[in-house]
Trainee: 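Sharing a structure with you now.
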Amino acid sequence: MAKDFSTREENYSKWYNDIVQRAGLAEASAVRGCMVIKPYGYAIWEKMQAALDKMFKDTGHSNAYFPLFIPKSFFSREADHVKGFAKECAVVTHYRLKNDPDGKGIVVDEDAKLEEELVIRPTSETIIWDTYRQWVQSYRDLPILVNQWANVVRWEMRTRMFLRTAEFLWQEGHTAHETKEEAIGETYKILNVYSDFAEKFMAIPVLKGSKSENERFAGAVETLCIEALMQDGKALQAGTSHFLGQNFAKAFDVKFTSREGKLEHVWATSWGVSTRLVGALIMAHSDDHGLVLPPKLAPIQSVIIPIYRNDEQYAIVCQRAKEISDNLEKEGIIVKLDDRDTHKPGWKFNEYEFKGVPVRLAIGPRDVENGTVEVVRRDTLGKEVVSIDNIGNYVTSLLSDIQDNLYKRALSFRESNTFVADTWEEFTSILDDKGGFILAHWDGTAETEQKIKEETKATIRCIPFDDNKEQGRCVYSGKPSERRVVFARAY
RNA sequence: CGGGGUGUAGCGUAGCCCGGUUAGCGCGCCUGCUUUGGGAGCAGGAGGUCGCAAGUUCGAAUCUUGCCACCCCGACCA
């Protein structure tokens, strides 16, 4: 094996970038902080979209689309919301260009200044709630269960492929409800959709919980989240679901007449996951040979590579390979038969390994004669020669086995990297040693959380739902605490 | 925006201190032959405004000044 890219041990972030590049997922663009998502990377996102979209529809939601531009004044309506996003907004101020009078290309036409500047959405609560005002008069108009697939822009200082870019793709759900209880129910319902998706499709176990005040979404009453652990011991927020209370309804004057004939403000939620999930997928499963994809999100689930010495063998082997390919497709497997004559088999083996294709079949003259095929699974790199009788069923169950194995592997990694800390010494030494999730007592104050963050870079990832009350003392301040929360350094 | 660094072929780089042939090498690319069960070998070939601009000089990738871009570290974040 030629070693021309980094291992996780040597340099984790270089390893990550190498995978993104070599697997053809994305590349840097001409625009600072923005990436080009390449076809293979976009195909993974499309698989995610398809699965999530179905889950949203199955829970009663519909898609819609709201404008990219948001009038600046909308932002100042909700005080916490502006504060949270003001520092990272791109703003459109003009609507026309003209030829430079000095003949040096093109300049902004100062005469074409907008009366009101337009903010490029960093999230759409404001424009959506301004719209919902028109949609709601009576309790009969509720609930509104809308999702939008869109791009958003947040002008980030430091960017990383998929994990943090100035522009990214996501879905944002925005719902409006008659009662507080119903809105809270929605928030939890969606969090469960996200955790199901993470575990069943991405094969990544997640912790479910709520955010501390410091980490809460700007404008939310409560933020729920799913948190995943990456192989370098850092946590990654994989999805959030917000209970917005009546904050936006009040800010945008969205009222309805209740069953009792009273005028009341609507209750709201919003929730989202982004292309960041692609980054999570990479960091959760991949190894030093390249990307490893869970079968349910792999753009190619099985690749077939013919092996031959001459034209005659090529014809025979490809014919058999085509039969196998048809067979697998009949089973609903996404197959690629790579019969290109421009690359050697060894080159192809490495190529599909980089790209994380779950199952590789190789077939040569020997196999044609014996009625066999060589099968290699990407997760363990285990190799075996099997009969082509019933190959469809064989690969189907192998794919399902790989999906399960990836989940189990990730779960056992998380378990062996989740620690309990009772003293400050334990807390800091775990962080410096290996990272991971740390369960520790916290006195519940924002000040303590802030101090811990300043001293260790670790933050409270979530206050987990599993309600194990336990008396203890805050790991930092020593004040009494009623439960442990989850700390980690995070992306 | 502060502190540090780097710009040489598609990518990675040598040369820069100490100015002097046609700017060298690896990967990749193209052609041909031999190859093909884990990144093929040989032969030939194409590809460069040395980031941009000005200056010093007989002569600049190399020295000086200005500008631009990108990267790393910090403050901010899904």
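Every heavy atom of this structure was used, including side-chain atoms; hydrogens, water molecules and symmetry mates were not. Naming convention: chains lettered A, B, ... in sequence-line order (proteins, then strands); numbering from 1 in each chain.
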Trainee: Taking B:rA9 as the reference, what is the distance to B:rC25 when you measure between their C1' atoms (whole Å, please)?
Mentor: 12 Å

Trainee: Using whole Å, report how far CD of A:Gln21 lies from P of B:rG10.
Mentor: 16 Å

Trainee: Can you identify which nucleotide, out of B:rG38, B:rG39, B:rA78, has its nearest atom closest to the A:Phe354 side chain?
Mentor: B:rG39

Trainee: Between B:rC29 and B:rC11, how far apart are the C1' atoms? Round to whole Å, please.
Mentor: 12 Å

Trainee: Dot-bracket for RNA chain B: what is it, with Watson-Crick or G-U pairs under 3.5 Å, [ ] where a pair crosses earlier ones, and | for a pair to another strand?
Mentor: (((((((..((((......[...)))).((((((.....)))))).....(((((..]....))))))))))))....

Trainee: Would you kindly give the CG-to-P distance between A:Leu361 and B:rG38, to the nearest whole Å?
Mentor: 16 Å

Trainee: Distance-only criterion, 3.5 Å: show the donor-acceptor pairs between side-chain atoms of residues 220-229 of chain A and protein atoms not counting sequence neighbours.
Mentor:
from, atom 1, to, atom 2, distance (Å)
A:Thr223, OG1, A:Phe217, N, 3.0
A:Thr223, OG1, A:His242, ND1, 2.8
A:Glu227, OE1, A:Arg461, NE, 3.1
A:Glu227, OE2, A:Lys211, NZ, 2.8
A:Glu227, OE2, A:Arg461, NH2, 3.4

Trainee: To the nearest Å, how far apart are A:Trp155 CH2 and B:rA75 C1'?
Mentor: 19 Å

Trainee: Classify the ring geometry of A:Trp271 against A:Phe56: parallel below 30°, tilted from 30° to 60°, perpendicular beyond 60°.
Mentor: tilted

Trainee: Tell me what A:Phe168 touches on the nucleic acid: a base, only sugar-phosphate, or nothing, going by heavy atoms under 4.0 Å.
Mentor: base

Trainee: For residues 83-93 of chain A, tabulate all N or O donor-acceptor pairs below 3.5 Å that involve a side-chain atom, not counting sequence neighbours.
Mentor:
none

Trainee: What I want to check is whether the side chains of A:Thr187 and A:Ser241 have a donor and an acceptor closer together than 3.5 Å.
Mentor: no

Trainee: What interatomic distance, in whole Å, is found between C1' of B:rU6 and the corresponding atom of B:rC42?
Mentor: 38 Å

Trainee: Taking the side chain as everything from C-beta on, heavy atoms only, tell me whether A:Leu381 gets closer than 4.5 Å to A:Arg378.
Mentor: yes

Trainee: Which part of the nucleic acid, if any, lies within contact of A:Thr165, taking any heavy atom under 4.0 Å across all strands shown: a base, the sugar-phosphate backbone alone, or nothing?
Mentor: base

Trainee: Salt bridge or not between A:Arg8 and A:Asp232? Use side-chain N to carboxylate O under 4.0 Å.
Mentor: no

Trainee: Could you give the distance separating B:rC71 and B:rU57 at their P atoms, to the nearest angstrom?
Mentor: 38 Å

Trainee: Would you measure the distance from the P atom in B:rG7 across to the matching atom in B:rU13 and give it in whole Å?
Mentor: 9 Å

Trainee: Salt-bridge test for A:Glu454 and A:Lys451: reply yes if a basic N is under 4.0 Å from a carboxylate O, no otherwise.
Mentor: no

Trainee: Between A:His285 and A:Gln231, do the side chains contain an N or O donor and an N or O acceptor separated by less than 3.5 Å?
Mentor: no

Trainee: I need the CD-P distance between A:Glu156 and B:rC1, as an integer number of Å.
Mentor: 18 Å

Trainee: Over how many whole Å does the gap from A:Glu215 atom CD to B:rC76 atom P extend?
Mentor: 11 Å

Trainee: P atom, B:rU62 versus B:rC17: distance in rounded Å?
Mentor: 9 Å

Trainee: Please report the distance, rounded to the nearest Å, between CG in A:Asp338 and P in B:rG39.
Mentor: 16 Å

Trainee: Would you measure the distance from the C1' atom in B:rA43 across to the matching atom in B:rU35 and give it in whole Å?
Mentor: 15 Å

Trainee: Check the distance between B:rG74's P and A:Glu454's CD and give it to me in whole angstrom.
Mentor: 15 Å

Trainee: Taking the nucleotide of RNA chain B with the nearest heavy atom to each, does A:Arg360 or A:Leu163 sit closer to the 5' end?
Mentor: A:Arg360

Trainee: Rounding to an integer number of angstrom, what distance separates B:rC50 and B:rG24 when you compare their C1' atoms?
Mentor: 13 Å

Trainee: Write down the distance between CH2 (A:Trp347) and P (B:rA40), rounded to a whole number of angstrom.
Mentor: 10 Å

Trainee: How are the rings of A:Phe252 and A:Phe248 set relative to one another: parallel (under 30°), tilted (30 to 60°) or perpendicular (over 60°)?
Mentor: parallel

Trainee: With a 4.5 Å heavy-atom cut-off, do A:Ile391 and A:Val395 have their side chains touching?
Mentor: yes

Trainee: If you measure from the Lys or Arg side-chain nitrogens to the Asp or Glu carboxylate oxygens, is any gap between A:Lys348 and A:Asp339 under 4.0 Å?
Mentor: no

Trainee: Can you pull every protein N or O that's under 3.5 Å from an N or O on nucleotides 71-73 of chain B?
Mentor:
from, atom 1, to, atom 2, distance (Å)
B:rC73, OP2, A:Arg158, NH1, 2.9
B:rC73, OP2, A:Arg158, NH2, 2.3

Trainee: Heavy atoms under 4.0 Å, any strand shown: does A:Leu236 hit a base, just sugar-phosphate, or nothing?
Mentor: nothing

Trainee: Between the protein and nucleotides 35-37 of chain B, which nitrogen or oxygen pairs come in under 3.5 angstrom?
Mentor:
from, atom 1, to, atom 2, distance (Å)
B:rU36, OP1, A:Arg309, NH1, 2.6
B:rU36, OP2, A:Arg309, NH1, 3.3
B:rU36, O2', A:Tyr308, O, 2.7
B:rG37, O6, A:Pro365, N, 3.4
B:rG37, O6, A:Arg366, N, 2.9
B:rG37, O6, A:Asp367, N, 3.4
B:rG37, N1, A:Gly364, N, 3.4
B:rG37, N1, A:Asp367, OD2, 2.5
B:rG37, N2, A:Asp367, OD2, 3.0

Trainee: Under 4.0 angstrom, heavy atoms only, what part of the nucleic acid is A:Arg340 near: base, sugar-phosphate, or nothing?
Mentor: nothing

Trainee: Suppose we screen for side-chain contact (heavy atoms from CB on, under 4.5 Å). Which residues come up paired with A:Leu169, at least two apart in sequence or across chains?
Mentor: A:Ile37, A:Tyr42, A:Trp45, A:Asn151, A:Thr275

Trainee: Indicate yes or no: does A:Asp379 engage A:Arg377 in a salt bridge with an N to O separation below 4.0 Å.
Mentor: yes

